[in-house]
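See below for the structure under consideration.
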Amino acid sequence: MALTFHLECSVLCGAGPFDATKVHHLCTCGRPLLARYDWDRVSSTWSRSTVHNGVRSMWRYSPVLPLEADETPVSLGEGWTPLLRASRLGADLGLTQLLIKDEALNPTNSFKARGMSTAVTRARALGAKTLAVPSAGNAACALAAYAARAGLQAKVFMPQDVKAPFVRECQLHGADVTLVDGLITDAGRVSAERGQPLGWYDVSTLKEPFRVEGKKTMGYEIAEQLAWSWPDWIIYPTGGGTGIVGIWKACEELERLGWVTGQRPGLISVQADGCAPIVRAFHAGATTAAPWDNASTVADGLRVPAAVGDILVLQALRESGGGAVAVSDDDMIQGMRDLGRREGVGAAPEGGATVAALRRLVDEGMIRRNDRVVLLNTGGALKYLEVLHEAQRAAGIHSQEFEARSAQ
């Protein structure tokens, strides 16, 4: 049976279109492939009122997701996460319309559940038996869970210094875990070296076409939860960048459907001072992001020295009238505390980074008092409790030193 979607080169190099019933990863030009839909058919069979009565998961948007007719997705109930009004934190920052999209409430505690749900669904349909991914942590946990749900084998490759909760969660779901010296890029190299000769299905960020389809549902949900309108700004912590690419894709698709009108949101990419290839490239006016040397940050999801989708991320930032900000580890940890103490949201450092970036953008006047702003908290705090403990311990030592000097 013919599918209602096909694959297209994301930079329109001239290759393709590609048949989505066959396994494809990157385009022949080396850039990501994206799914494109039969919009006449979608528009004639789907409406906003239909969505309103849909399932309370991201699969409420199944007509624009890579799902065959009568196929059951590999799902753990991902998506349809809350969009919380952050009135107390907003007041601290002088903002009247601050919201938090809390992705920590997804299965496996992060937004990675969305992408792995679509990727594993398509991998199963394409006949894959063993799935492999390099990961800083959360993607590995999500793949392990969704592969288990689908009855497939998961091989995950993570940096040697990954935090222990990520390893244990992967093992809980039956994944085979390999720890690699170096960063996620090194994990990706080892994964490919081992997996390609054995025919493992690679679900690396943007190296297969379907994880971004799950991530784009964050954009669909934000629009729906705001009564089919856009916020002024979306602030997003950026490692591989699939979330920004997906949200921008959602903007385009919702306009094509005619469901949302008006100006699209400005997209703000947030990275760590110790690993900011997108921020550096954005401010240099570059169209690609050179790899970042000696990447270092407490936010594992932001420790991505080279992004496959760099062109797409930078394009989205510029087309949206957005920007790019790098913040320190100390400031993102303070952002975690602000989210926890002011709004009861348990955020990972990546979520805390969005608060640090917002604070700076308000101070600089880019974001104004009455702008409607959405912060993306992409994961939960529980796997990072040791980071908070270490920060508190260091603060205690510094406090004791200060008190000792003051008494002299």
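From a predicted model like this one, the values you see are computed outputs, not experimental measurements.
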Identify the residue among L99, L98, I234 that makes a side chain to side chain contact (heavy atoms under 4.5 Å, CB included) with L375.
L98

NZ/NE/NH1/NH2 to OD/OE distance under 4.0 Å, K249 and E252:
no

Heavy atoms of T81 and D102 approach each other most closely as CB-O, 3.4 Å

In short, M116 meets A139 closest at the heavy-atom pair CE-O, 3.6 Å

Regarding Y61 and E213, is there a side-chain donor-to-acceptor distance under 3.5 Å anywhere?
no

Please say whether more than 12 non-hydrogen atoms of neighbouring residues, nucleotides or ligands are located less than 6.0 Å from CZ in R48.
yes

Rounding to 0.5 Å, atoms CG (L314) and CZ (F282) come to a distance of 8.0 Å

Taking the side chain from R359 and the backbone from L93, do they hold a donor-acceptor pair closer than 3.5 Å?
no

Minimum heavy-atom distance between A113 and P107, given as atom pair plus value
CB-O, 3.3 Å

Any idea which heavy atoms bring A353 and V270 closest together, and the distance?
O-CG1, 3.5 Å

Salt bridge check: are R60 and E221 linked by an N-O gap of less than 4.0 Å?
no

What I want to find out is whether E319 reaches R264 closely enough, with some N-O distance under 4.0 Å, to be called a salt bridge.
no

Salt-bridge contact E253-K216 (side-chain N to carboxylate O under 4.0 Å)
yes

Judged by atom type as modelled, is there a donor-acceptor pair below 3.5 Å linking the side chain of R256 to the main-chain atoms of C251?
no

Less than 4.0 angstrom from a charged side-chain N to a carboxylate O is my criterion; do R372 and D232 meet it?
no

CD (Q263) with more than 12 external heavy atoms under 6.0 Å:
no

Minimal heavy-atom distance between T297 and L302, with the atoms involved, is CG2-C, 4.1 Å

Name of the residue among V362, I100, I367 meeting side chain to side chain contact (heavy atoms under 4.5 Å, CB included) with V373
I367

Would you please test W59 and W80 for ring-ring contact (aromatic ring centres under 6.0 Å, His included) and show each step?
CA-CA 9 Å; W59 291 98; W80 203 239; over 10 Å; no

Near R189 CZ, under 6.0 Å, is it more than 12 heavy atoms from other residues, nucleotides or ligands?
yes

Are the charged groups of R303 and D161 less than 4.0 angstrom apart, N to O?
yes

Main chain of L34, side chain of E8: is a donor-acceptor contact present, judged purely on distance under 3.5 Å?
no

Does E78 pair with R114 as a salt bridge, N-O distance under 4.0 Å?
no

Charged N-O contact under 4.0 Å between E68 and R122:
yes

Any donor-acceptor pair under 3.5 Å from H283 side chain to A324 backbone
yes

Could R360 and D363 be called an ion pair, given the rule that one side-chain N must be under 4.0 Å from one carboxylate O?
no

Exam field: side chain N106 to backbone N109, donor-acceptor pair closer than 3.5 Å
no

